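The figures here come from the full heavy-atom set of this structure, side chains too, leaving out hydrogens, waters and symmetry mates. Just so it is clear, the model here is predicted, and its values are computed rather than measured.
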Amino acid sequence: MTSGRIALVSGGGSGIGRASAVALARDGFAVVVAGRQPQPLDATVELCRATGADSLAVAADVTDPASVEALFATVKERFGRLDLLFNNAGRSAPAASVGDLPIETWREVVDVNLTSVFLMTQHAFRLMASQEPRGGRIINNGSIAAHAPRPLAVAYTATKHAITGLTKSTSLDGRPYDIACGQIDIGNAATDMAGPQAAGILQPDGRIAVEPTMDVEDVGRSVAFMASLPLDSNVQFMTVMATKMPYVGRG
């Protein structure tokens, strides 16, 4: 167990999850990183430990209730509490219109992007409500897609819109237990998942256009800022995006 602040980051093996885990470690959190592949998680742990912070990798399938239960049991056994959950794990889908998307793909995206966030939130909520001192913070990774869709991305867009509802409900339900919940909506961070933006991506008018990206470290710092606030303050929604990406206005 530890007397310091404890953070859990899902999808912590790469990209936004890794950048956020390291930023939280720099801010003094002990960081647990979860994901399916042990090797990338171990690499993140080494980066976190290089800041002087304690860190732990836990291989887990966040879509599986039993795996999520085991993950939180490990966190509680090792650290005794949880102060921050960053629900970051997510996936996209091959481009397809509403009329063409296979139901199996729809279900897979919903499972990863929405059901897993509910499962992780539920377990974090229970732990935060019962621990002493009580309370904690949950940050959900939304997306610019929580506000405006890309073409041919119905499953991703629908799940990210749903995350906004989950964030609001968790924020409301958490009030009696000193649990704050906010959402970070990210646009064009330079990660493997955002690779198509740099190579050219379909626009609503049918053009293929290269879109500006931003350093993923800027996302990590944004998550760390949200996490730094006392529990009587909350960033309910934050949008952090490449300044010149086509989102604000008409493009």
Side-chain angles (χ1 to χ4, degrees), residues 6-27 29-51 53-64 67-68 71 74-75 84-94 108-109 111-117 119-120 138-146 150 153 155-156 159-160 163 183-199 201 211-227 238 240-242 245:
I6 313 303
L8 170 59
V9 178
S10 68
S14 63
I16 290 167
R18 174 174 289 174
S20 299
V22 174
L24 291 165
R26 288 196 189 103
D27 274 9
F29 280 89
V31 183
V32 180
V33 288
R36 294 188 180 187
Q37 302 299 323
Q39 188 172 356
L41 294 176
D42 290 341
T44 300
V45 164
E46 290 305 310
L47 292 170
C48 290
R49 288 176 177 169
T51 71
D54 192 5
S55 187
L56 175 68
V58 181
D61 178 356
V62 294
T63 69
D64 176 33
S67 186
V68 172
L71 167 62
T74 298
V75 171
L84 174 70
L85 167 64
F86 180 32
N87 277 315
N88 169 69
R91 59 157 289 178
S92 58
E108 289 169 1
V109 175
D111 215 24
V112 174
N113 289 4
L114 182 58
T115 303
S116 74
V117 178
L119 290 171
M120 295 284 287
I138 298 168
I139 301 173
N140 293 327
N141 186 341
S143 173
I144 294 295
R150 289 190 179 279
Y156 188 80
T159 55
K160 291 305 184 178
I163 288 297
Q183 180 170 316
I184 184 165
D185 296 321
I186 301 160
N188 286 12
T191 66
D192 291 342
M193 189 173 178
Q197 278 87 317
I201 194 165
E211 294 188 7
T213 59
M214 65 174 174
D215 192 331
V216 70
E217 302 299 327
D218 295 335
V219 179
R221 292 205 305 272
S222 299
V223 171
F225 167 72
M226 295 173 74
M238 175 190 284
V240 57
M241 54 180 270
M245 69 175 288

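Side-chain atoms of Thr191 do not come within 3.5 Å of backbone N or O of Gly15 as any donor-acceptor pair. The main-chain N or O of Arg91 is found under 3.5 Å from a side-chain atom of Asn113 such that the two form a donor-acceptor pair. Side-chain atoms of Ser10 come within 3.5 Å of backbone atoms of Ala89 as a donor-acceptor pair (strictly under, hydrogens ignored). In this structure a side-chain-to-backbone donor-acceptor pair under 3.5 Å is missing from Ser67 to Asp64. Looking at Asn140, its side chain never comes within 3.5 Å of a backbone N or O of Gly142 through a donor-acceptor pair. Of the possible donor and acceptor atoms, one in the side chain of Arg49 sits under 3.5 Å from a partner among the backbone N and O of Ser55. In this structure a side-chain-to-backbone donor-acceptor pair under 3.5 Å is missing from Lys160 to Asp185. At distances below 3.5 Å, at least one donor-acceptor pair connects side-chain atoms of Thr51 with backbone N or O atoms of Cys48.
In this structure, Leu119 and Thr63 have side chains that are not in contact, with every pair of non-hydrogen atoms separated by 4.5 Å or more. With contacts defined as side-chain heavy-atom distances shorter than 4.5 Å, the pair Ile6/Phe29 does not qualify. For the pair Val223/Ile139, a side-chain contact is recorded, criterion being any heavy-atom separation below 4.5 Å from C-beta on. Looking at Leu8 and Leu71, their side chains come closer than 4.5 Å, going by heavy atoms from C-beta outward. When side chains are defined from C-beta on, Val22 counts as touching Arg26, because their heavy atoms get closer than 4.5 Å. In this structure, Leu41 and Arg36 have side chains that are not in contact, with every pair of non-hydrogen atoms separated by 4.5 Å or more. Counting only heavy atoms from C-beta outward, the side chains of Ile186 and Asn141 approach each other to under 4.5 Å. With contacts defined as side-chain heavy-atom distances shorter than 4.5 Å, the pair Ser222/Ile184 qualifies.
Closest heavy-atom contact between Pro212 and Ala242: O-CB, 3.5 Å. Contact between Gly220 and Ala23 at its shortest, heavy atoms only, is O-CB, 3.3 Å. Nearest approach of Asp42 to Ala57, heavy atoms of both residues: OD1-CB, 3.6 Å. Pairing each heavy atom of Asn88 with each of Gly11, the nearest pair is ND2-O, 3.1 Å.
Atom CD of Gln37 has 12 or fewer neighbouring heavy atoms from other residues, nucleotides or ligands inside a 6.0 Å radius.
In this structure, the separation between CG on Asp218 and CD1 on Ile16 is 11.5 Å, given to the nearest 0.5 Å. With rounding to the nearest 0.5 Å, the separation of OG in Ser92 from OH in Tyr156 is 7.5 Å. Note: Leu24 CG to Arg221 CZ = 13.0 Å, rounded to the nearest 0.5 Å. Between the CZ atom of Phe225 and the CE atom of Met238 there is a distance of 5.5 Å, given to the nearest 0.5 Å. Remark: Ser143 OG to Arg150 CZ distance equals 8.5 Å, nearest 0.5 Å. Thr115 contributes atom OG1, which lies 13.5 Å from atom CE of Met120 (distance to the nearest 0.5 angstrom).
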List the steps and the verdict of side-chain contact (heavy atoms from CB on, under 4.5 Å) for Val32 and Val58. CA-CA 7 Å; Val32 180; Val58 181; 3.9 Å; yes

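No hydrogens or angles considered: a donor-acceptor pair under 3.5 Å links the side chains of Asn188 and Glu211. Between Arg18 and Thr44, the side chains place a donor N or O and an acceptor N or O closer than 3.5 Å (distance only, hydrogens not considered).
Of the residues listed (Ile163, Val62, Val9, Val117), the one engaging Asn87 in a side-chain contact (heavy atoms from CB on, under 4.5 Å) is Val117, and it is the only one.
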